[in-house]
Amino acid sequence: MTTDTLTNRTYRLLRRVPKGKVTTYKALANALHTKAYRAIGQIMKSNPYAPEVPCHRVVASDGTIGGFMGKTKGAAIQKKIAMLQKEGVNIRRNKIQEFSSVYWSDW
DNA sequence: CGGTTGACCAAGT
DNA sequence: GACTTGGCCAACC
């Protein structure tokens, strides 16, 4: 990685997140000392590092999964969501249950 | 290099 | 609880 763009940093950081845990776009932006919540969203969708960078482990600050399924109807993401639940994350409708329990903030 | 977009966020209605 | 508005920032055209 020669380019030190926000994208690369985001991937690197997200890579640290253990399974069974999730984080928010805001937390990532905060950890990177930026406010590009939105840009990170775009980054995830472009996520070229599929299983390496668990973009599905990133959710909105409200504990909602985000605009993946209901809005954008991303079929691929739904599978990731199912995998999340398998890892131990309980999701209800579009929102994470016990969000605080699975929320990762200790980078 | 200007304008549009978006897997966002917070506050207001 | 759902929708709207303003703001923020990077990537794309």
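So you know, we letter chains A, B, ... as the sequences are listed, proteins then strands, and number each from 1. We use all heavy atoms of the structure for the numbers below, so side chains are in, but hydrogens, waters and symmetry mates are not.
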Among C/dC9, C/dA2, B/dC9, the one nearest A/Lys95 by side-chain distance: C/dA2
Set out, line by line, the N/O atom pairs under 3.5 Å between protein and nucleotides 11-13 of chain C.
unit_1 : atom_1 : unit_2 : atom_2 : d
C/dA11 : OP1    : A/Thr7 : OG1    : 2.6

Got a second to check how far [X]'s [atom1] is from [Y]'s [atom2], nearest 0.5 Å?
X: A/Lys79; Y: A/Leu84; atom1: NZ; atom2: CG; answer: 15.0 Å
X: A/Lys95; Y: A/Ile65; atom1: NZ; atom2: CD1; answer: 10.5 Å
X: A/Thr34; Y: A/Arg9; atom1: OG1; atom2: CZ; answer: 8.5 Å

Minimum heavy-atom distance between A/Thr10 and A/Leu6, given as atom pair plus value: OG1-O, 2.6 Å
Nearest non-hydrogen partners of A/Gly88 and A/Val102, listed with the distance: O-CG1, 4.3 Å
Protein-nucleotides 1-4 of chain B N/O pairs under 3.5 Å:
none

Euclidean distance, atom [atom1] of residue [X] to atom [atom2] of [N] [Å, nearest integer]:
X: A/Met44; N: B/dT5; atom1: CE; atom2: C1'; answer: 17 Å
X: A/Leu32; N: C/dA10; atom1: CG; atom2: C1'; answer: 12 Å
X: A/Arg38; N: B/dC9; atom1: CZ; atom2: C1'; answer: 9 Å
X: A/Lys45; N: C/dA10; atom1: NZ; atom2: P; answer: 17 Å
X: A/Tyr25; N: B/dC9; atom1: OH; atom2: P; answer: 8 Å
X: A/Asn30; N: B/dC8; atom1: CG; atom2: C1'; answer: 14 Å

Intermediate values then yes/no, ring pair (Phe, Tyr, Trp, His ring centres under 6.0 Å), A/Tyr49 and A/Tyr11: CA-CA 8 Å; A/Tyr49 305 81; A/Tyr11 292 140; 5.1 Å; yes
I'd like a table of atom pairs between the protein and nucleotides 10-13 of chain B - only N or O on both sides, under 3.5 Å - with the distance next to each one.
unit_1 : atom_1 : unit_2  : atom_2 : d
B/dA10 : OP1    : A/Lys26 : NZ     : 2.6

Given A/Lys19, A/His56, A/Arg57, the one that forms side-chain contact (heavy atoms from CB on, under 4.5 Å) with A/Met83: A/His56
A/Gln97 atom CD, neighbour heavy-atom count above 12 within 6.0 Å: yes
Derivation and outcome, side-chain contact (heavy atoms from CB on, under 4.5 Å), residues A/Leu14 and A/Val58: CA-CA 8 Å; A/Leu14 185 53; A/Val58 184; 3.3 Å; yes
Whether A/Asn90 side chain and A/Glu98 backbone form a donor-acceptor pair below 3.5 Å: no
SB check A/Lys21 A/Glu87 (cutoff 4.0 Å): no
